Amino acid sequence: MTEFGRLPPHVRTVRFFEERPWLGDSLFKVAPLTLMALLIWGLSASHYGFIGNAVDPQVMLLLELMAIVPLAISRIQPGVAAGIIATAALLQILTLSGPGVSALSVPLVVYTCAKYGSRRVSRGYLTIALLGAVLLAIFVGYQQMVASIYPADAPTAMVNLLLIGGFAAAVVLVFWLFGDLAGRKRAQLEAVEEKNRLLERERDQEARLAADAERMRIAREMHDVISHSMSVMIAQADGGRYVLQQDPARAGAAFETIAETGREALTEMRRMLGVLREEQEQLKKRPAPGIHDLPQLIADVRASGLPVELHIAEADIPPLSDGVGLAVYRIVQEALTNTLKHGGTEATSTIWLGTDYASGELALEIHDTGRGAQAPSDGRGSGLLGMAERARLYGGQVTAHPRQDGFEVMARFPLARVGAGRRKKEISA
């Protein structure tokens with residue numbers, strides 16, 4: 001089912017007519033007024049206007065339709081519709097046919113111009129409508145004093161003229177004010193919607209930039225890991241060459257170290273290929289932190305005011321590659337940073353790191369007692385994207401979610417990808 005089909009029926013109806021404004025205007029404006037005009041001038045064939053003046057029914061019906069039908073496009077082309085209606089109303093006055101049912105079209109189109117038209121169209125046709133109110137009053141006065149319809153003395157005729165003209169002008173002005181207010185509200189809503197669209201695009205762009213930046217950081221750190229491995233291989237190769245003749249056993253150990261280090265470096269490079277691309281950039285070499293650096297990280301965080309407990313089952317943890325150790329270190333670092341930022345002053349944090357032999361995974365869990373779900377931000381920003389990216393490089397995954405009493409982050413790495421197989425081989429040997 002499409003998104004439109006999942007909407008409630010009344011919402012679907014509103015959305016349907018909003019997307020087809022001409023249809024709604026035709027059904028609710030043009031059709032009723034046209035039916036009234038046909039009943040008055042077509043079927044009854046009346047030869048007298050609304051104020052008792054003689055009219056030609058066919059001419060009157062034609063002018064009525066000319067002033068009613070353009071309402072169908074009043075929201076699509078308010079200026080065009082208002083121009084046609086104003087012309088039809090003027091022709092009714094000039095032909096002495098007088099106002100008919102189409103007199104209702106004038107305030108309706110003035111409202112539409114004020115709501116959907118430009119400021120120039122809105123104010124221009126307000127002025128034309130007010131002038132039309134004056135012409136209507138003059139027409140009625142002419143019929144009273146010149147054509148002797150409802151004869152009246154001059155003072156009475158003047159009062160009637162002012163009342164009719166004032167009433168018509170007041171109706172036009174009220175409709176224009178309501179339309180102008182609705183137009184301002186509509187413009188504000190459109191501005192808010194446009195701002196929301198811009199914010200959504202900006203958010204998506206920031207997320208992509210954050211992911212790209214995190215990939216670049218990972219690539220730099222992996223560069224350090226690979227560089228370190230290559231340095232070890234070169235040093236062992238140089239040493240093995242010198243001791244090859246004097247101490248073959250030491251040379252064999254050196255070559256074994258070279259092979260092991262090379263395999264690890266090649267594995268790291270394969271994991272990175274297709275995921276990260278390092279730009280041509282001179283990167284500063286630095287040792288990559290690992291789980292052995294966690295105590296110092298915890299000490300630094302404690303110095304910042306966050307109580308942290310660290311539990312590491314060192315006896316159960318297999319030897320980790322530098323990349324996995326770095327991923328664990330960064331995940332812990334990011335989780336503690338989020339606690340400092342969002343957890344509040346009373347928050348505490350607890351970290352467990354060990355091996356889950358039941359599932360065959362290296363398990364890392366970080367729990368805090370901060371605001372959790374009540375925090376202004378649930379932490380789902382670029383930091384969590386970086387955590388997940390690091391874990392995926394080694395076949396792992398990260399789950400993070402707020403709770404009522406804090407926030408938790410759990411990371412899992414398959415033992416087959418962190419060096420467990422090598423440890424078993426060493427033990428069996």
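Note that this is a predicted model, so its numbers are computed, not measured.
Counting heavy atoms from C-beta on, the side chains of W41 and E64 come closer than 4.5 Å. Side-chain contact between T350 and V308 is absent, with no heavy-atom pair separated by less than 4.5 Å. By the 4.5 Å heavy-atom criterion applied to side chains, T399 and V409 are not counted as neighbours. In this structure, L199 and K195 have side chains that are in contact, with non-hydrogen atoms separated by less than 4.5 Å.
Checked for salt-bridge contact, R197 and E194 meet the test: a charged N lies under 4.0 Å from a carboxylate O. Ion pairing of R412 with E365 is present here, as a side-chain N (NZ or NE/NH1/NH2) and a carboxylate O approach within less than 4.0 Å.
No side-chain donor from either of Q92 and S97 sits under 3.5 Å from a side-chain acceptor of the other. If you check the side chains of D368 and T339, you find a donor sitting under 3.5 Å from an acceptor.
Residues satisfying the side chain to side chain donor-acceptor pair (under 3.5 Å) criterion with E408, sequence neighbours excluded, are H367, H401. Looking at residues two or more places apart in sequence or on another chain, you find a salt bridge (Lys or Arg N to Asp or Glu O under 4.0 Å) between R186 and E190. By the side chain to side chain contact (heavy atoms under 4.5 Å, CB included) test, L181 pairs with no residue at all, sequence neighbours left out.
For residues 167-177, every residue pair satisfying the side chain to side chain donor-acceptor pair (under 3.5 Å) rule, not counting sequence neighbours, is listed here: S122-W176. Applying the salt bridge (charged side-chain N to carboxylate O under 4.0 Å, His left out) rule to pairs touching residues 91-111 yields nothing, sequence neighbours excluded.
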So D25 and I73, side-chain contact (heavy atoms from CB on, under 4.5 Å) or not? Walk me through it. CA-CA 8 Å; D25 289 337; I73 62 170; over 6 Å; no

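Crowding of W352 atom CH2: a count of heavy atoms from other residues, nucleotides or ligands under 6.0 Å exceeding 12. By the neighbour-count criterion of 12 heavy atoms within 6.0 Å, atom CZ of R120 is sparsely surrounded, having that number or fewer from other residues, nucleotides or ligands.
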Pairs under 3.5 angstrom only: tabulate donor-acceptor contacts from the side chains of residues 110-118 to other protein residues two or more places apart or in another chain.
{"residue": "T112", "atom": "OG1", "partner": "L108", "partner atom": "O", "Å": "3.0"}
{"residue": "S118", "atom": "OG", "partner": "V121", "partner atom": "N", "Å": "3.3"}

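Results of the side chain to side chain contact (heavy atoms under 4.5 Å, CB included) test with I351 over L294, L364, L297, I312 single out L364 as the only residue that passes.
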